Amino acid sequence: QLQLVESGGGLVQPGGSLKLSCAASGSGSTLDNYAIAWFRQAPGKEREGVSCISGSDGSTRYVDSVKGRFTVSRDNAKNTVYLQMNSLEPEDTGVYYCAADRLIRIFKICVLWQTDSGSWGQGTQVTVSS
């Protein structure tokens, strides 16, 4: 099971950018064997999947609302996944979490946006406001 730590959140004006990081550690931790997803939860709303990346081949997936604005990437040497967020909108405000699951369950985490792996970060707050 991976331990995950997010960082990089903050307050930004509409139209601005932020880059989130998700650092993985733990016994046998290597991104090659995992899919890493970014989720967010806005106040009063359910948690939603945002983006996902395969640690093996780097294939990605995005929810429609962030396509063209967000880019997910990974650096396997650093065991870190990034989420570059551009053209931020107030609707992007929320707590952003990363989660990991084994590649065998990539459909579940990256398409159904569900995981029972227990590998979640503590979250990082993103606030988009003028």
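Here the structure is a predicted model, which is why all the values come from computation and not from measurement. Nothing fancy with the numbering, it's 1 onward along the sequence.
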Write down the atom of [X], the atom of [Y], and the distance for their closest heavy-atom approach.
X    : Y    : answer
S51  : L83  : CB-CD1, 4.1 Å
A24  : L31  : CB-CD2, 4.1 Å
I106 : A35  : CG1-CB, 3.7 Å
A100 : L2   : CB-CD1, 3.9 Å
V5   : Q122 : CA-OE1, 3.7 Å
A37  : I109 : CB-CG1, 3.8 Å

Between CG on residue D57 and CZ on residue R74, distance to nearest 0.5 Å | 7.0 Å
Keeping [X] on the side-chain end and [Y] on the backbone end, is there a donor-acceptor pair under 3.5 Å?
X   : Y    : result
T93 : T127 : no
Q1  : S117 : yes
D32 : N76  : no
S65 : V63  : no

Same cluster for [X] and [Y] if Ile/Leu/Val/Met/Phe/Trp/Tyr side chains link at under 4.5 Å?
X   : Y   : value
I53 : W38 : yes
Y82 : F70 : no
V12 : Y96 : yes

Quick one: disulfide (SG to SG under 2.5 Å) pairs with a partner in residues 36-76, sequence neighbours left out?
-> C52-C110
Show your reasoning for whether side chain to side chain donor-acceptor pair (under 3.5 Å) applies to S56 and S54.
-> CA-CA 5 Å; S56 175; S54 165; 4.7 Å; no
Student check: side-chain heavy atoms of P90 and P14 closer than 4.5 Å | yes
Are any of the side-chain heavy atoms of S7 and T124 separated by less than 4.5 Å?
-> no
Pairs meeting criterion side-chain hydrogen bond (donor to acceptor under 3.5 Å, both in side chains) with involvement of residues 10-20, two or more places apart | S17-N86
For I104, does the CD1 atom have more than 12 heavy-atom neighbours from other residues, nucleotides or ligands under 6.0 Å away?
-> no
Please step through side-chain contact (heavy atoms from CB on, under 4.5 Å) for the pair T71 and Y62, ending with a clear verdict.
-> CA-CA 8 Å; T71 302; Y62 301 90; 3.9 Å; yes
Examine R47 relative to W120 and say whether NZ or CZ is less than 6.0 Å from the centre of the six-membered ring and inside a 45° cone about the ring axis.
-> yes
Show your reasoning for whether side-chain contact (heavy atoms from CB on, under 4.5 Å) applies to D101 and Q114.
-> CA-CA 10 Å; D101 210 335; Q114 298 172 4; over 6 Å; no
Of all residues at least two apart in sequence or in a different chain, which pass the salt bridge (Lys or Arg N to Asp or Glu O under 4.0 Å) check with [X]?
X    : value
R69  : E89, D92
E91  : none
D116 : K108

Option among I36, L20, D75 that satisfies the side-chain contact (heavy atoms from CB on, under 4.5 Å) test with V81 | I36
Donor-acceptor pair between N33 and T30 side chains, under 3.5 angstrom | no
Test side-chain contact (heavy atoms from CB on, under 4.5 Å) applied to V95 - qualifying residues, sequence neighbours left out | Y97, Q125
Under the side-chain contact (heavy atoms from CB on, under 4.5 Å) criterion, do E48 and Q41 qualify, and how do the steps go?
-> CA-CA 6 Å; E48 63 171 345; Q41 187 164 21; over 6 Å; no
Could you check L18 against V126 for side-chain contact (heavy atoms from CB on, under 4.5 Å), going step by step and ending with a plain yes or no?
-> CA-CA 8 Å; L18 281 175; V126 171; 3.9 Å; yes
